[in-house]
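FYI, side chains are in, hydrogens and waters are out, and symmetry mates aren't considered; it's all heavy atoms of this structure.
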Amino acid sequence: MKKIGILTSGGDCSGMNAAIRSAVRSGLRHNLAMIGFRKGYLGLMKADYITLDSKAVSGILHRGGTFLQSARSPEFRTPEGQQQALANLRKLGVDGLIILGGDGSLTGALALHNLGFPVIGIPASIDNDIPYTDMALGVDTALNNIIYAVDCIKDTASSHARAFVIEVMGRNSGYLASISAIAAGAEYALVPERDFDLSEICQQLRARYEEGRDNAIIILAEGAGNAHQIADSIKDAIGFETRVTVLGHYQRGGAPTVFDRLLASRLGKNAVDLLLEGEKGLMVGLSNNSIITTSLEDVVEGEKKPHDEMLRLAEVLGI
Ligand code: ADP
Ligand code: F6P
């Protein structure tokens with residue numbers, strides 16, 4: 001192993017830079033040449049890369065996003081795109097590739113592995129929907145961003161006796177919604193994994209309202225419903241003044257938390273160590289605070305265990 005490439009793909013998240021830095025510094029320690037492809041699989045298909053020396057990764061640990069940039073590149077899903085990427089890797093003399101991203105990006109990593117190229121995946125997605133890791137990179141930072149915003153909104157909700165529907169990210173995953181509902185003391189977490197009865201919610205909110213609890217926070221995962229429709233239903237049923245806040249991409253950025261910096265540093269170094277040991281086709285993850293590896297095949301075919309305990313806790317503490 002003489003040269004390792006690294007790329008960040010799919011939705012960006014805080015901690016990607018810290019992981020790149022860790023992989024680069026670990027690789028340099030073993031006298032490896034390190035290069036970074038720009039804009040995920042797009043850079044791989046276009047052979048658009050930069051050399052990563054120690055200085056190139058200085059001053060990025062604390063920055064959100066990814067300085068290599070990320071992209072969604074549909075061309076890489078095609079056999080032609082993958083062959084182009086493979087040809088570039090061979091031409092550049094790259095011996096192993098580290099791929100950071102969500103479930104789509106890790107599916108792309110498996111495709112390269114199946115073509116015989118050594119890859120190691122690092123789970124990075126604020127949705128925390130990747131199996132075989134307790135936490136993906138960026139989740140903890142996103143949660144802290146959400147909590148900061150919800151705390152602020154709670155202040156104004158109580159001043160004006162309003163109910164707020166706060167939409168958080170998660171097309172298919174309610175992890176951010178349920179954890180932030182617990183940590184911010186929201187009345188409800190509405191998630192795509194579980195059906196909810198809006199009229200029952202309205203009845204419960206009305207009962208609280210009549211008791212004198214005149215403000216409420218409902219955290220909605222984006223994939224669970226329409227925030228404006230839910231707010232309108234609450235307004236119609238109770239007469240509660242309602243507002244909607246969509247937190248959007250604010251959640252994905254910002255300085256990574258200590259948890260994400262540490263996780264990124266551990267995963268980046270482990271990815272390089274694995275390639276040096278001749279391992280391939282694996283994802284590095286976190287389980288019970290230890291670094292574990294799982295085949296990319298199992299990751300791609302697997303399903304994240306539902307976070308039932310957290311959903312139940314949010315429910316018990318909410319109303
Ligand atoms: P994420 O990695 O955050 O889940 P996407 O699902 O958009 O984001 O995937 C990121 C990129 O990974 C895609 O733009 C594509 O280049 C690649 N990718 C996704 N799915 C596949 C697939 N089935 N086969 C090959 N590449 C894929
Ligand atoms: O990375 C996953 C995610 O954060 C989803 O929760 C969200 O729906 C999506 O990315 C939005 O990403 P973009 O606007 O970059 O396509």
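- The salt bridge (charged side-chain N to carboxylate O under 4.0 Å, His left out) pairs that include a residue from residues 22-46 are Arg38-Asp48, where partners are two or more places apart or lie in different chains.
- Residue pairs meeting the ring pair (Phe, Tyr, Trp, His ring centres under 6.0 Å) criterion with at least one partner in residues 134-164, sequence neighbours excluded, do not occur; the list is empty.
- Smallest separation of non-hydrogen atoms from Leu198 and Ser233: CD2-OG, 3.4 Å.
- By the ring-ring contact (aromatic ring centres under 6.0 Å, His included) test, Phe117 is found to be paired with no residue, residues two or more places apart in sequence or in another chain being considered.
- At least one donor-acceptor pair closer than 3.5 Å links the side chain of Asn88 to the backbone N or O of Met45.
- Met34 and Phe37 end up in different hydrophobic clusters when Ile, Leu, Val, Met, Phe, Trp and Tyr side chains are linked at under 4.5 Å.
- Pairs of residues two or more places apart, or lying in two chains, that qualify as ring pair (Phe, Tyr, Trp, His ring centres under 6.0 Å) and include a residue from residues 55-110 are Tyr41-Phe76.
- In this structure, the side chain to side chain contact (heavy atoms under 4.5 Å, CB included) partners of Glu279, at least two apart in sequence or on a different chain, are Leu274, Glu277, Leu282.
- With hydrophobic clusters built from ILVMFWY side chains whose heavy atoms lie under 4.5 angstrom apart, Ile120 does not share a cluster with Ile35.
- Of the possible polar contacts, none joining the Ser178 side chain to the Leu311 backbone as a donor-acceptor pair under 3.5 Å is found.
- Within the structure, every pair that satisfies the salt bridge (charged side-chain N to carboxylate O under 4.0 Å, His left out) test and touches residues 263-274, not counting sequence neighbours, is listed here: Lys269-Asp273.
- Under the 3.5 Å distance criterion, the side-chain polar atoms of Asp103 are left unmatched by any main-chain donor or acceptor of Val300.
- Within the structure, the ring pair (Phe, Tyr, Trp, His ring centres under 6.0 Å) test picks out no pair touching residues 85-113 (sequence neighbours left out).
- For residues 235-248, every residue pair satisfying the salt bridge (charged side-chain N to carboxylate O under 4.0 Å, His left out) rule, not counting sequence neighbours, is listed here: Arg162-Glu241, Glu241-Arg243.
- Applying the ring-ring contact (aromatic ring centres under 6.0 Å, His included) test to His307 and every residue at least two apart in sequence or in another chain returns Tyr175.
- For residues 244-254, the pairs satisfying side chain to side chain donor-acceptor pair (under 3.5 Å) are Asp12-Arg252, with sequence neighbours left out.
- Under the salt bridge (charged side-chain N to carboxylate O under 4.0 Å, His left out) criterion, the residue pairs touching residues 293-311 are Arg194-Asp308, with sequence neighbours excluded.
- Between Asn144 and Thr257, the side chains place no donor N or O within less than 3.5 Å of an acceptor N or O (distance only, hydrogens not considered).
- For Tyr209, the OH atom is densely surrounded, since the number of other residues' heavy atoms within 6.0 Å is greater than 12.
- Clustering ILVMFWY residues whenever any of their side-chain heavy atoms sit less than 4.5 angstrom apart, transitively, puts Leu267 in a cluster other than the one holding Leu61.
- A distance-only check finds no donor-acceptor pair linking the side chain of Asp127 to the backbone of Asp129 [under 3.5 Å].
- Remark: side-chain polar atoms of Thr141 are not paired, donor with acceptor, to backbone N or O of Pro256 under 3.5 angstrom.
- Side chain of Ser158 to main chain of Asp155: a donor-acceptor pair is present (N/O by atom type, distance under 3.5 Å, no hydrogens or angles).
- In this structure a side-chain-to-backbone donor-acceptor pair under 3.5 Å is missing from Thr133 to Ala136.
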Contacts table for residues 185-192: side-chain donor-acceptor under 3.5 angstrom, sequence neighbours left out:
from, atom 1, to, atom 2, distance (Å)
Glu187, OE1, Ile217, N, 2.7
Glu187, OE2, Arg208, NH2, 3.0
Tyr188, OH, Gln204, OE1, 2.2

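- Ser265 and Ser22 form no side-chain donor-acceptor contact under 3.5 Å, judged by distance and modelled atom types alone.
- Asp214 places no side-chain N or O within donor-acceptor distance of the main-chain N or O of Ala161, the cut-off being under 3.5 Å.
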>> Please evaluate residues Val168 and Glu222 with respect to the criterion side-chain contact (heavy atoms from CB on, under 4.5 Å), reporting the C-alpha separation (whole Å), side-chain torsions for both, the decisive distance (0.1 Å), and the verdict.
In response: CA-CA 6 Å; Val168 299; Glu222 63 177 325; over 6 Å; no
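- If you chain together hydrophobic residues whose side chains sit under 4.5 Å apart, Leu275 and Val24 fall into the same group.
- Looking only at atom types and distance, the side chain of Ser290 has no donor-acceptor partner in the side chain of Asn288 under 3.5 Å away.
- When the side chains of ILVMFWY residues are joined at heavy-atom separations under 4.5 Å, either directly or via intervening members, Leu276 and Leu28 end up in a single hydrophobic cluster.
- Using a distance-only test at 3.5 Å, with no hydrogens or angles considered, no donor-acceptor pair links the side chain of Asn215 to the main chain of Ala157.
- A distance-only check finds no donor-acceptor pair linking the side chain of Gln82 to the backbone of Leu112 [under 3.5 Å].
- The two residues Ser125 and Cys13 make their nearest non-hydrogen contact at N-SG, 4.0 Å.
- In the model, Thr66 has a side-chain atom that pairs as donor or acceptor with a side-chain atom of Thr8 under 3.5 Å.
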